Engineer: 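Please read through the structure below; I'll follow up with questions.
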Amino acid sequence: MLIELSGVSKIYNQGRANEVRALSDIDLKVEQGSMVCLKGPSGSGKSTLLAIIGCIFPPTSGRAVIGARQLARLPDRFLTLHRRETIGFIFQRFNILPELTVLDNIALPLLPLGVSPKERKLRAQELLERFSISHRANFPAGQISGGELQRVAIARALINNQPIILADEPTAHLDTVLSREFMEIMQQLKDTGKTIVIASHDPLVFEHPAIDRTVTIQDGRIHVS
Ligand SMILES: Nc1ncnc2c1ncn2[C@@H]1O[C@H](COP(=O)(O)OP(=O)(O)OP(=O)(O)O)[C@@H](O)[C@H]1O
């Protein structure tokens, strides 16, 4: 099991006046090579759950094992290292740096890993080719189309060959055509053995045939219908 959460809770600002219980007693298992959609209303806890799966922070209580490591056991420095090796993130607005070139944006996650400039360029070029955007390699990322931007964001999430891909509302700012293209690429990645978790309330995502399971979160709990 690549992702295994049992009895996971997350409380922000614990013990303070602004304490928020964002997740309660979450049990979730995701097998390698499967694709899961997290669904639920705004504020239900989807992003918090993604952050725990994404090794951004450990749960307040409960057990979270991501890629064979138990998060609570990892000191901060190792948590960061584990995250970089294990998780590829695709953000809602793709978080692309507009002044950097497309190639540099894709290679960015390799910078803190001490990968040589030559190797960074090589790996980014491979992905540019795979996603048919080689002709945009040296364009500032702020000057490419929405569809190209989407492929740049996906390429960046794959640059370190991470086994888990997480996406937070990836289609929120995309039209239907690009949303479908996004899911097609996710399906291809799943077919190569990637494990994918997408937080979304877009039917184009959760009704897509490549989604193995949809998990509904409500008030920080998994809702069983
Ligand atoms: N850093 C934080 N500090 C305090 N409270 C937080 C923090 N992040 C989220 N919360 C609270 O935790 C709860 C769950 O938030 P979360 O962002 O996980 O929900 P969500 O389902 O992703 O919402 P959305 O769809 O609007 O992004 C909310 O009540 C939110 O206000």
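Every number for a ligand or one of its atoms is a count from 1 in the order of the listing. Values in this document were obtained by computation on a predicted structure and should not be read as measured data.
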Engineer: Can you confirm whether His201 sits close enough to Glu169 that some side-chain heavy atom of one is under 4.5 Å from a side-chain heavy atom of the other?
Structural biologist: yes
Engineer: Which heavy atom of the protein is the closest neighbour of atom 23 (O) of ligand 1, given with residue, atom name and distance?
Structural biologist: Gly43 N, 2.8 Å
Engineer: Return yes if a side-chain donor-acceptor contact under 3.5 Å exists between Thr171 and Asp202, otherwise no.
Structural biologist: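 Yes, side-chain donor-acceptor contact under 3.5 Å.
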Engineer: Donor-acceptor pair, Ser9 side chain versus Asp25 backbone, under 3.5 Å?
Structural biologist: yes
Engineer: Find all atoms of ligand 1 within a distance of less than 4.0 Å from any non-hydrogen atom belonging to Asn13, and give their numbers and elements.
Structural biologist: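 Those of ligand 1 that fall under 4.0 Å from Asn13 are 4 (C).
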Engineer: Return the closest protein heavy atom for atom 12 (O) of ligand 1 as residue, atom name and distance.
Structural biologist: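 The closest one turns out to be Ala22 CB, 3.5 Å.
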Engineer: Ser44: heavy atom below 4.0 Å from ligand 1, yes or no?
Structural biologist: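 Within the 4.0 Å threshold, so yes.
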Engineer: A quick test of your reading: do over 12 heavy atoms of other residues, nucleotides or ligands sit less than 6.0 Å from CD of Glu31?
Structural biologist: no
Engineer: Below the 3.5 angstrom mark, is there an N/O of His201, backbone or side chain, next to an N/O of ligand 1?
Structural biologist: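 Between His201 and ligand 1 (N or O atoms, distance only) the closest approach is not under 3.5 Å.
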Engineer: Out of curiosity, is Gly220 lining ligand 1, as in a heavy atom under 4.0 Å away?
Structural biologist: no
Engineer: With Tyr12, which of Thr48, Asn18, Thr60 fulfils side chain to side chain donor-acceptor pair (under 3.5 Å)?
Structural biologist: Thr48
Engineer: Would Gly45 count as being in polar contact with ligand 1, using the rule that some N or O on each side must be under 3.5 angstrom apart?
Structural biologist: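 Right, the criterion is met.
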Engineer: Got the closest protein heavy atom to atom 26 (O) of ligand 1, with its distance?
Structural biologist: Ser42 OG, 2.6 Å
Engineer: Less than 4.5 Å apart, any side-chain heavy atom of His208 and any of Phe182?
Structural biologist: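 Answer no - side chains too far apart.
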Engineer: Crowded around Arg84 CZ? As in, over 12 foreign heavy atoms under 6.0 Å?
Structural biologist: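 More than 12 heavy atoms, drawn from other residues, nucleotides or ligands, come within 6.0 Å of this atom.
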Engineer: Are Asn161 and Lys194 side-chain neighbours, meaning at least one heavy-atom pair lies under 4.5 Å?
Structural biologist: yes
Engineer: Return a yes/no value: protein heavy atom under 4.0 Å from atom 31 (O) of ligand 1?
Structural biologist: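 Looking at atom 31 (O) of ligand 1, one finds that no protein heavy atom lies closer than 4.0 Å.
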Engineer: Name the closest protein heavy atom to atom 25 (O) of ligand 1, giving the residue it belongs to and the distance to 0.1 Å.
Structural biologist: Lys46 NZ, 2.9 Å
Engineer: Show the atoms of ligand 1 that are less than 4.0 angstrom away from any heavy atom in Pro41.
Structural biologist: 21 (O)
Engineer: Heavy-atom distance to atom 15 (O) of ligand 1: which of Thr48, Asn18, Asp219 wins?
Structural biologist: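 Result: the heavy atom closest to atom 15 (O) of ligand 1 is in Thr48.
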Engineer: What do we get for Ala51 next to ligand 1 when only non-hydrogen atoms under 4.0 Å count, side chain, backbone, both or neither?
Structural biologist: neither
Engineer: Using a 4.0 Å heavy-atom threshold (strictly under), name the region of Leu50 that reaches ligand 1: side chain, backbone, both or neither.
Structural biologist: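 Under 4.0 Å from ligand 1, Leu50 contributes no heavy atoms.
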Engineer: Taking Gly193's backbone N and O only, do any of them form a donor-acceptor pair with Gln32's side chain (distance below 3.5 Å, no angle check)?
Structural biologist: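 Answer holds: yes.
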Engineer: Among all protein heavy atoms, pick the one closest to atom 2 (C) of ligand 1 and tell me residue, atom and distance.
Structural biologist: Tyr12 CD2, 3.4 Å
Engineer: Between the side chains of Glu184 and Arg180, is the shortest nitrogen-to-carboxylate-oxygen separation below 4.0 Å, so that they form an ion pair?
Structural biologist: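 No.
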Engineer: Give me the residue, atom name and distance of the protein heavy atom closest to atom 17 (O) of ligand 1.
Structural biologist: Ser47 CB, 3.7 Å
Engineer: How about Asp175: does its CG atom have over 12 heavy atoms from other parts shown lying under 6.0 Å from it?
Structural biologist: yes
Engineer: N/O to N/O below 3.5 Å, does that happen between Val20 and ligand 1?
Structural biologist: no
